[in-house]
Amino acid sequence: MPVHGPSEQSLVPVRVDGGPRSLRSQGPASLPRLSDQQFAQLEAELAKGPAAHGWEDQRWTLSRVKTLIGRRFHLTYTIQGVRKLLVRNGWSCQVPARRAMERDDDAVAGWVKEVWPRAEG
């Protein structure tokens with residue numbers, strides 16, 4: 001398909017005076033906003049759990065980590081910025097198990113053996 005006019009000019013490779021080396025990445029666009037020491041402090045705060053920071057359950061969400069960073073370090077991150085920060089430092093997203101911490105596996109097993117058969121009829 002022939003291209004004519006202004007579109008044709010946009011397809012022509014741009015010649016850079018610095019050669020191929022000038023096209024190489026110069027690194028990230030910005031430096032991390034939390035220093036290594038601050039990230040270590042953040043990890044210590046995360047280890048205390050959400051309950052220590054006023055949340056009722058034991059799940060860390062990106063939104064909660066964002067709030068914690070704001071409270072502790074007076075920095076504003078986006079949700080995606082928090083995700084990138086955590087992934088860059090070796091953290092991964094995990095889906096919580098759908099079990100209560102207070103779950104008693106022995107009581108559940110007893111219920112399944114005794115009560116459930118009666119309920120099924």
Restricting to side-chain contact (heavy atoms from CB on, under 4.5 Å), what partner residues turn up for [X], sequence neighbours left out?
X: Ser63; answer: Thr61, Ile79
X: Val115; answer: Trp111, Arg118
X: Asp36; answer: none

Worksheet item: Can you check whether Leu62 reaches Leu86 side chain to side chain, under 4.5 Å on heavy atoms?
Response: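 Answer yes - side chains close enough.
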Worksheet item: Are side-chain heavy atoms of Leu85 and Ile69 found at a separation under 4.5 Å?
Response: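 In contact.
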Discussion item. Could you work out, with side chain to side chain donor-acceptor pair (under 3.5 Å) as the rule, every residue matching Trp91, not counting sequence neighbours?
Written reply: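 Applying side chain to side chain donor-acceptor pair (under 3.5 Å) to Trp91 gives Glu43.
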Discussion item. If the condition is side chain to side chain donor-acceptor pair (under 3.5 Å), which residues does Gln41 pass it with, not counting sequence neighbours?
Written reply: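 Gln41: no side chain to side chain donor-acceptor pair (under 3.5 Å) contacts found.
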Worksheet entry | Contact list for residues 62-73, test salt bridge (Lys or Arg N to Asp or Glu O under 4.0 Å), sequence neighbours left out |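 Found Glu45-Arg72, Asp57-Arg64.
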Discussion item. Under the salt bridge (Lys or Arg N to Asp or Glu O under 4.0 Å) definition, can you give me all pairs with a residue in residues 77-95, not counting sequence neighbours?
Written reply: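 For residues 77-95, and leaving out neighbouring residues, there are no salt bridge (Lys or Arg N to Asp or Glu O under 4.0 Å) pairs at all.
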Worksheet item: Between Trp60 and Leu46, what is the shortest heavy-atom contact and its length?
Response: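 Nearest heavy atoms, Trp60 then Leu46: NE1-O, 3.0 Å.
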Item to complete: Identify the two heavy atoms, one from Gln58 and one from Gly49, that lie closest to each other, and give their separation to 0.1 Å.
Response: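 Taking every non-hydrogen atom into account, OE1-CA, 4.3 Å.
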Worksheet entry | Summary of ring pair (Phe, Tyr, Trp, His ring centres under 6.0 Å) pairs that have at least one residue in residues 70-90, sequence neighbours excluded |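 Applying ring pair (Phe, Tyr, Trp, His ring centres under 6.0 Å) to every pair that reaches into residues 70-90, excluding sequence neighbours, yields nothing.
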Worksheet item: Under a 4.5 Å side-chain heavy-atom rule over Ile, Leu, Val, Met, Phe, Trp and Tyr, are Val87 and Val82 clustered together?
Response: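 No, Val87 and Val82 fall in different hydrophobic clusters.
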